[in-house]
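None of the values given here were measured: they were computed from a predicted structure. Naming: A, B, ... by sequence-line order, numbering from 1 per chain.
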Number of protein chains: 2
Amino acid sequence: MSRSVRLKDVAKLAGVGIGTASRVLNNHPNVSKQKRQMVLKAMEELCYRPNEIARSLKTQTTKTIGVILMDITNPFYGNVVKGIEYIAYNKNYSLLLADLNCNMNALKDRIDEFRDKNVDGIIFMGTSVNDMDIKIFASRQIPLAIISTNVNVKDKKLYAKFYSVNIDNEKAAYDATQYLIGLGYTKLAYISGVQGDPNSSIPREYGFKKALKENGIQNRQEWNKYGSFTFESGYKAMQALLEEEERPEIVFAFSDLMAMGAAKAVMSRGFRIPEDIALFGFDGIENGKYFHPSISTVKQPRYQMGTKGTSCLIDWIEGKESPTCMITLSHSIIERESTQSLL
Amino acid sequence: MSRSVRLKDVAKLAGVGIGTASRVLNNHPNVSKQKRQMVLKAMEELCYRPNEIARSLKTQTTKTIGVILMDITNPFYGNVVKGIEYIAYNKNYSLLLADLNCNMNALKDRIDEFRDKNVDGIIFMGTSVNDMDIKIFASRQIPLAIISTNVNVKDKKLYAKFYSVNIDNEKAAYDATQYLIGLGYTKLAYISGVQGDPNSSIPREYGFKKALKENGIQNRQEWNKYGSFTFESGYKAMQALLEEEERPEIVFAFSDLMAMGAAKAVMSRGFRIPEDIALFGFDGIENGKYFHPSISTVKQPRYQMGTKGTSCLIDWIEGKESPTCMITLSHSIIERESTQSLL
DNA sequence: TCTAACGGTGGAACCGATTCCATGTATGTA
DNA sequence: TACATACATGGAATCGGTTCCACCGTTAGA
């Protein structure tokens, strides 16, 4: 293992001082054209590559962003990470990855891991954050962006401590429900996120109910079921729904995975989709498109959420901007096979 | 932003030398019980956290592993990464992530990015590697583990340069085909990976044909189609298959995504699965279970591939072992709804 | 002609750890 | 008692960069 070439070696070969070599490396203006040439030639000749670790030690900056997410196997994250990675790569940042494996208790430890590694910023993706969570982050003094995560933070002061990139969940659910009612559906059910977790899907439930009310449709409690965003939980919730005396015409599941699980339950009972029961999802993941029947849904701009969150974060890191907290991106409705017009 | 506490500060407060403080930090034996206590107390008091960057500079080690993969949105990788993450976290390593976005040309650049960041090891997951690829890695002198990637390397010397963790693809395809023939199927087709890419699926094609031959069944070229492992390519390949004069009884797609795409094509034409055409996949991703009908498949132990590859890599990094190259894990066959017994 | 301002330059000090070396002290052995 | 050995300890040197400071030569302005 040959010892690596140091900037000192470059300087010596080029016959200049160590400071000059450094200035060339960093594109500082005050270097004569002549010496700059010599240094560049020496670098070339020695195949010089700066040691990022040494640089980081002095500058207290690592060109690294830490990404913490709930569960890497959730297909929702794939495109978000892709967006993050795209911007990070183009701005010369690397990504450190931490998977909480659905366990928020690990959060503190993973933040500290990143802090110890001197990341310049952190991106978090989970279901929701409260005051406590933000304080944990804030105490580490690291710029923070939160993507696709419900912000349930009371203390207004904390809003200066992070970026949040999300869609307007209430409006998205409202728009979707309006759309479904517009198709002619009048008997609507939903499968929401974790019941009891006040943050997970309240806005979506609220948007759903608002649309019903505006159209003079009564919400039926027995048609409000709860899951945990997973396929299995959607399957179970749908089974419960099918046990009810009367069946809804359409079920709005607050994640595509749950919608697919619900679809499986429907088809297993021999019902047809959308003729007997229609289904509508949330998220717009690829799986929903591939499913048979493909799942109509409200799409979150996942890739864009990744790019937006990351570029804001980097601007903050580099001192170009301070956090403005809430950034809302727009959702869209995708018609596919699991719904139809009744009119 | 308060200046961080340094080991020097700890030493001063504890009234010991800097070397002693360092020895305590690293659990070196030759420190008196008394001083060790004092140092620990001082650390506690000052909330001392060692600066990993400084440590890395001196030790030339970063406790970081770089992960390079073809496409983070491919659901195949989720569980593999989870396995990697599990071991890395437990052995105190962090993960740097790079997504090639399906473009092998970016490989060199990403390796250099990792080299510059001084990663201790690299894990690569793609479709195949050849001599050139390995040489690129090897020239960087970084321990390398390759997971779930066909190794198409001629130069035997290179086999000392990396670990490879994979299943026996030929045997897996052979076993699966035997299983299908055992169910009573005699008219078998396949949808393979990229035609012309000699590495992508040759072993699977070979295993398939071997099983046919052993059972006295003739392989029909017109039933050998090609995709690119994606859902869309499976859909298209199946459409082509349905154009053939005679239809096969069962189609063995060499990825679950392609099997699902094929299933969609079948159902769109109004055929039933498995009654009219049966389907069999490869990989064992969750999506196949969720699909309706759920896809029978040969499962790769993805999580285990991640853990095994990572623990071997770390052992190598820490000098406990040198690479033994090929590690083969066992596959398994999963019966689901897309196949049935004809007997 | 003298001075101020400025671009260009080399090198010391520094970032915060690890590690080696010199030194001191205690223990065991002849 | 003398000496070898082992353990304990402090601190300088080091890792490979960045940056500040001092210095020099040139040019512009008075």
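Pairs of residues two or more places apart, or lying in two chains, that qualify as side-chain hydrogen bond (donor to acceptor under 3.5 Å, both in side chains) and include a residue from residues 39-52 of chain A are A/Arg49-B/Asp116.
Between the CZ atom of B/Arg49 and the P atom of C/dC15 there is a distance of 21 Å, rounded to whole Å. The CD1 atom of A/Ile53 sits 11 Å away from the C1' atom of D/dG17 (whole-angstrom rounding). The distance between atom CG of B/Leu57 and atom P of D/dT18, rounded to the nearest whole Å, is 12 Å. Atom CD of B/Glu52 and atom C1' of C/dT18 are 13 Å apart (whole Å). One can place NZ of A/Lys117 at 16 Å from C1' of C/dG16, the figure rounded to the nearest angstrom. Whole-Å rounding puts the B/Met43 CE to C/dG16 C1' distance at 13 Å. Per the geometry, CD1 belonging to B/Ile18 stands 12 Å off P belonging to C/dC15, to the nearest Å. Nucleotide C/dT19 holds its P atom 11 Å from the CG atom of B/Leu25, rounded to whole Å.
Distances shorter than 4.0 Å separate none of the side-chain N or O atoms of B/Asn51 from OP1 or OP2 on C/dC15. Remark: A/Asn30 is not in phosphate contact with C/dC6, judged by side-chain N or O atoms under 4.0 Å from OP1 or OP2. Listed pair B/Ser56 / D/dC15 fails the phosphate criterion, with no side-chain N or O lying under 4.0 Å from OP1 or OP2. The phosphate of D/dG17 has neither OP1 nor OP2 within less than 4.0 Å of any side-chain N or O from A/Arg55.
The pair B/Arg115-B/Asp112 meets the salt-bridge criterion, since a charged nitrogen lies less than 4.0 angstrom from a carboxylate oxygen. Of the charged side-chain nitrogens involved, at least one lies within less than 4.0 Å of a carboxylate oxygen, so that B/Asp9 and B/Arg6 count as a salt-bridged pair. A salt bridge links B/Lys82 with A/Asp71: the closest approach of a Lys/Arg side-chain nitrogen to an acidic carboxylate oxygen falls below 4.0 angstrom.
With C/dG10, C/dA17, D/dT19 as the candidates, the nucleotide lying closest to the side chain of B/Lys58 is C/dA17. The side chain of B/Arg6 lies closest to C/dA17 when the candidates are D/dT19, C/dA17, D/dC7. Of the candidate nucleotides C/dT9, C/dG10, D/dG16, C/dT9 has the atom lying nearest to any side-chain atom of A/Ser32. Here D/dG10 is the nucleotide among D/dG10, C/dG10, C/dT19 with the atom lying nearest to any side-chain atom of B/Thr20.
Where B/Gly19 and A/Pro29 meet DNA chain C, the nucleotide closest to each residue was compared, and A/Pro29 sits on the side nearer the 5' end. For the pair B/Ala21 and A/Thr59, both in contact range of DNA chain D, the more 5′-proximal nearest nucleotide belongs to B/Ala21.
A donor and an acceptor atom sit less than 3.5 Å apart, one in the side chain of B/Arg23 and one in the base of D/dG10.
A 4.5 Å side-chain heavy-atom check between B/Tyr159 and B/Val151 finds at least one atom pair inside the cut-off.
Backbone-only contact: A/Lys35 has heavy atoms under 4.0 Å from sugar-phosphate atoms and none from a base. A/Ser22 comes within 4.0 angstrom of a nucleotide base, judged by non-hydrogen atoms across all strands. The residue B/Gln60 sits close only to the backbone: its heavy atoms come under 4.0 Å of sugar-phosphate atoms, none of a base.
Put simply, the side chain of B/Thr149 gets close to the backbone of B/Gly126: a donor and an acceptor are under 3.5 Å apart.
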